J.: 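First the structure, which I've put down as structure tokens, then a few questions once you've had a look.
What you are looking at is a predicted structure, and each value in this text was computed from that prediction instead of being measured. First listed ligand is number 1; within each ligand, the first listed atom is number 1.
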Amino acid sequence: MRLFVAVILPAGEVQRYQQELLAAVAGRDDAPRLIPPERWHITLAFLGEVDDARRSRLEPRIAAVAAGSPPLTLRLATAGTFPARSTPRVLWAGVDGDVGALLTLAAAVQSAAAATRIRVDRRRFTPHLTLGRWRAGDGASRGVVDPLSGYTGAPFEIRTMTLFRSHLGPKPWYEPVARWRLDAGSSQSGASARSARW
Ligand code: ATP
Ligand code: MG
């Protein structure tokens, strides 16, 4: 199965930012195809195809990472495109706040994957929220970034991270298969990592 680890945002901030995004793209024919807000996430590690045996060795390692990691405070801020200069393919929102801790968390999850012999792509990890994509021939332009680049959202807390199974195809969706609390520093830390299952 195709897996990745990500954090998701509180519904209130998703709704607020969706309003900003819809206002920014309104009336533009150079805007990207938008990703529905129920799929919004910030990827920490893309694991690719993982079989059941490897997944069952991986999960306790990620649970241990979560148990030893503190909750994070983040905020949506700025926006941009990948690539930054030539024809854009992806529109993204940036994050600020505890970005150092977010990078540390991502590195720890990637190490957990590597320890399970899952090859992860560690190339420059830039935390971001993908908002939309342009396809070839879409008449892409970076202009849609301008109205979003000045946005600074309210701070929100990230208290969990989620292992998602990615279902590709005409109607792609992400199935949460395990979720762990970021538990360092909580009053109950020291208890075994709690995880919810679907
Ligand atoms: P699609 O590629 O069909 O648009 P998707 O990108 O939404 O679908 P996946 O390709 O399964 O779904 O990716 C899941 C998450 O992992 C996304 O956030 C994606 O940006 C990220 N991701 C995918 N491939 C890589 C990779 N090689 N390196 C880093 N992150 C990746
Ligand atoms: Mg992809």
Side-chain angles (χ1 to χ4, degrees), residues 1-11 13-14 17-18 21 25 31-52 54-55 58-59 61-62 65-66 72 74-84 86-96 99 102-140 142 144-145 148 153 156 158 160-180 182 198:
M1 63 194 82
R2 185 178 175 99
L3 299 177
F4 65 101
V5 178
V7 298
I8 55 171
L9 284 64
E13 185 56 14
V14 167
Y17 198 81
Q18 195 196 10
L21 179 61
V25 302
R33 298 156 196 259
L34 299 182
I35 314 261
E38 62 270 18
R39 296 220 301 274
W40 290 4
H41 63 275
I42 299 168
T43 298
L44 298 176
F46 176 72
L47 307 175
E49 279 300 320
V50 176
D51 61 26
D52 287 343
R54 214 158 260 185
R55 176 178 154 194
L58 172 67
E59 288 198 14
R61 291 182 195 269
I62 301 184
V65 168
L72 310 171
L74 299 175
R75 183 168 82 147
L76 291 178
T78 75
T81 62
F82 295 138
S86 50
T87 308
R89 289 194 308 269
V90 170
L91 174 69
W92 51 264
V95 293
D96 74 10
V99 174
L102 185 66
L103 293 171
T104 301
L105 180 61
V109 173
Q110 290 167 8
S111 295
T116 324
R117 295 177 176 232
I118 294 169
R119 220 180 304 149
V120 285
D121 183 356
R122 289 170 182 258
R123 273 178 304 170
R124 51 181 182 81
F125 169 71
T126 314
H128 68 276
L129 178 63
T130 299
L131 302 169
R133 288 195 171 88
W134 289 274
R135 292 188 199 149
D138 269 354
R142 207 164 275 108
V144 66
V145 169
L148 295 172
F156 51 84
I158 300 288
T160 63
M161 67 178 167
T162 307
L163 178 65
F164 284 101
R165 178 175 181 183
S166 184
H167 297 267
L168 301 179
K171 279 201 176 167
W173 62 290
Y174 305 136
E175 175 189 2
V177 291
R179 182 164 289 156
W180 298 274
L182 304 177
W198 282 261

J.: Over 60° means perpendicular and under 30° means parallel, so classify the ring planes of W40 and Y17, tilted if in between.
T.: perpendicular
J.: Rounded at 0.5 Å granularity, tell me how far CG in L21 sits from CG in L34.
T.: 5.0 Å
J.: Under a 4.5 Å cut-off applied to non-hydrogen side-chain atoms, are I42 and W92 in contact?
T.: no
J.: Is there a side-chain contact between T130 and L91, using heavy atoms and a 4.5 Å cut-off?
T.: no
J.: Please examine the side chains of T81 and V90, heavy atoms only from C-beta on, and report whether any two atoms are closer than 4.5 Å.
T.: no
J.: Applying side-chain contact (heavy atoms from CB on, under 4.5 Å), can you list everything that pairs with R39, at least two apart in sequence or on another chain?
T.: I35, P36, P172, Y174
J.: Quick one: ligand 1 N/O to protein N/O pairs below 3.5 Å?
T.:
residue: ligand 1; atom: 4 (O); partner: R133; partner atom: NH1; Å: 3.2
residue: ligand 1; atom: 6 (O); partner: R133; partner atom: NH2; Å: 3.2
residue: ligand 1; atom: 7 (O); partner: Y174; partner atom: OH; Å: 2.2
residue: ligand 1; atom: 10 (O); partner: R2; partner atom: NH2; Å: 2.6
residue: ligand 1; atom: 11 (O); partner: R2; partner atom: NE; Å: 2.7
residue: ligand 1; atom: 11 (O); partner: S166; partner atom: OG; Å: 2.6
residue: ligand 1; atom: 18 (O); partner: H41; partner atom: NE2; Å: 2.6
residue: ligand 1; atom: 18 (O); partner: T43; partner atom: OG1; Å: 2.6

